[in-house]
Amino acid sequence: MVQKDSQVAYFCMEYGLDVRMKTYAGGLGILAGDYLKGAKDHDFPMVGIGIKWKQGYTDQLIDQNGKPYDSYHNYDYDFLEDTGVKVVVTIRQRDITCKVWKTEAFGNVPLYLLDTDLPENPDAWITGQLYGGAGEDRIAQEMVLGIGGVRALRALGHDVDVYHFNEGHALFAGFELMKERIDQGLSFEEAWEQTRAETVFTTHTPIVEGNESHPLDRLLYMGANNGLTIEQLVEIGGAPFNMTVGALRLSRKSNAVAELHGKTANKMWAHVEGRSEIIPITNCIHIPTWVDENMLRIAEEGGDLWEAHMKNKRDLIDFIEDRTGVKLAEDKMIIGFSRRAAPYKRSDFIFSDESVIGPLLESGKVQIVFSGKAHPLDDTGKGIVRSLVKMAKKYPNAVIFLENYDMTIGAMLTRGSDVWLNNPRRPKEASGTSGMKAAMNGVLNFSTLDGWWPEGCNDGVNGWQFGDGFESDDEAELDAHDLKALYHVLQNEVLPTYYDDRDKWIEMMKESINSTRDRFAVKRMLEDYYSKLYATN
Ligand SMILES: *Cc1c(COP(=O)(O)O)cnc(C)c1O
C-alpha cells in the first residue's frame, strides 16, 4: 500500500523544470524537476525547497579555437511569485536575509526558492552561481538551502512529516531541525534521534570526490554548525566533515538511485557506523516533459512507428542545421550522446580507435551528435569537450557538437536520434535518465551495463548492452575491454539491424517503448518513495 498522506519537504540544490528557468546543471536537477511535476500529476503531497540562482549554471560556449568557455547572465524569472516571506540565516556572523519566491508555473507542486540578492545583504552573491564555488562559498549556499529552507517552511506555515534531502547539499537542514529541539531544551542525543526520525536521504554519486567534505574549522567559522560543538559535528560527519556521511547518520532511511547503485553505495559507505540503511529506488522520468505521445500511442495501439520516429528525426536534423549549418542525412543512422563531460562518462570513447570508427564516419554510415558541458573548474572535462569539438571539425558531415547543453537539446536528442550511446565506466554511473527518455521515444539504447540499464536492458530485444558488466580497478584494462565490446556490437548488431533489417529495428523500438514506459515513469518512483522511504511502518 502506498501511503500518500506524508507531507514531504524535498530539498535540492537544483531544479530542472523548464529550459527558461536556469536553476539546474544536470541530472540531479532534471530528476528533481521531474519529481515535482510527477507529484503534482499524481497528487502526492509535497513541496520543494531550492535556490533562485541569479546566474544559473554556466552557459558554456565554444570559441574559435574549439575551446569551451563559460559565460554568465543575470536572469529575471518573471514567472516567480513573491511570497512576501523573508528569513534570516547567520553566515560568517553576518545576518543574511533570504527572500522566498514560489513557483507552480510548470505543472509542479509548489517550489520555494531562496534568494540572497537583496540590497540590504552584506553578501548578496551567495545565490549567484549554481555550483560556482567550493569551500566557504559552497557552505554558504548550503546554509541558505538547509537552514534557510527549514525557516522558510516555518514562516510559510507548512506542516512537514518527512524532510527529504536529495543529495548531501541539504544536510544543514538537519542541523536546523536539531537546533529547534535543542532550543526547546532537548539534549543533543534526543534532538538527533527525533530529527533522524523525520529525515530521509538520497545519495547520488558513487565517485568518492563527488561526496563533498569540509574541514571542521571551516564549518565553525561559517556558522554552519548552528550551535553544535566540534565533538558533536565529528560524531555526525567525521573529520573532515563529510556531507554524505553526515546525511547518512542524520536520516532514518536512505536510498540509492538504481539497483546496481544500491550495491555500490552500500559497499562504499559500509565503514560508516550508525548510518541509515541504503535501499535502491531507481530514478524515473516525467513522461509528458520528455516523451513524444505519438510514439507511446503507436507503440500501444499500432500505426506507423517508423514514420512517427522519422518526423522526430527530421525535427532534430532541422534543429542541428539551424544551430550549426550542417545538415545530417535522414537515411543514415544518428547516434546521440549528451552528458556532462565527466571523465568516467568517457564522452569521446567511441573515437578511441580511429581505424575502426573513421571509415564509418567518412562513409556517413554513422553520424554522431554530442552535447554536454564540463564543470567550469574542471579542466579535464573541458579537455574532453575540446576533443569532441576537434572530431566535429575533422568529420564535419558526420560528427556534430551542440554547445551549451540544456533541456531543449536533451529533449531534441532523446527524441530524434536513432541510437542512444552511453558508455560510463561501470559502476560509476548512479542511474542516468537520458537513456529512459530515449527508450520511451523508441531511440534504442546502446550502453554499458551501468546505472539503470542493467534493469532496463533486454539485450538485442529492446536495445543493446556491451561489455557484459565487466569491472576493473585498472582503468586501462576496463577501457580496452569495453572498447572492443562497443565496436563489436556496433559492427555486428547495431549497424546490420539498422541498415539490413528495418522490421526488426521497428520491433525493437516498440519493445523499447513498451518495456520501459511504466517501470521508469515518475509515478512508479513516487510510489516507491512514499511506500519504501517515507512510510514509517
Ligand atoms: C535528462 C537530462 C540529464 C540527465 O541525463 P543523464 O543520463 O543522467 O546524463 C541531464 N541534463 C539534461 C539537460 C537532461 O535533459
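Indexing begins at 1, ligand by ligand and atom by atom, following the structure's order. Note that the structure is a prediction, hence the values are computed from the model and not measured.
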Whether Tyr57 and Tyr131 hold their rings parallel, tilted or perpendicular, with breakpoints at 30° and 60°: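 Answer is perpendicular, since the angle exceeds 60°.
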Phe79 and Tyr77 aromatic ring geometry - parallel, tilted or perpendicular at 30°/60° bounds: tilted
Contact residues of ligand 1, where a non-hydrogen atom lies under 4.0 Å away: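 The 4.0 Å shell around ligand 1 contains Gly26, Gly27, Ile30, Trp290, Arg339, Tyr405, Asp406, Met407, Gly410, Gly432, Thr433, Ser434, Lys437.
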Residues which pass salt bridge (charged side-chain N to carboxylate O under 4.0 Å, His left out) with Arg519, listed by chain and number, not counting sequence neighbours: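 Partners of Arg519 under the salt bridge (charged side-chain N to carboxylate O under 4.0 Å, His left out) test: none.
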Electrostatic pair Lys37:Asp41 at N-O distance under 4.0 angstrom: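 No salt bridge links Lys37 with Asp41.
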Donor + acceptor pair across side chains of Asn462, Ser512 (<3.5 Å): no
Between Arg339 and Asn423: side-chain donor-acceptor atoms closer than 3.5 Å: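 The criterion, which ignores hydrogens and geometry beyond distance, is not satisfied for Asn423 and Arg339.
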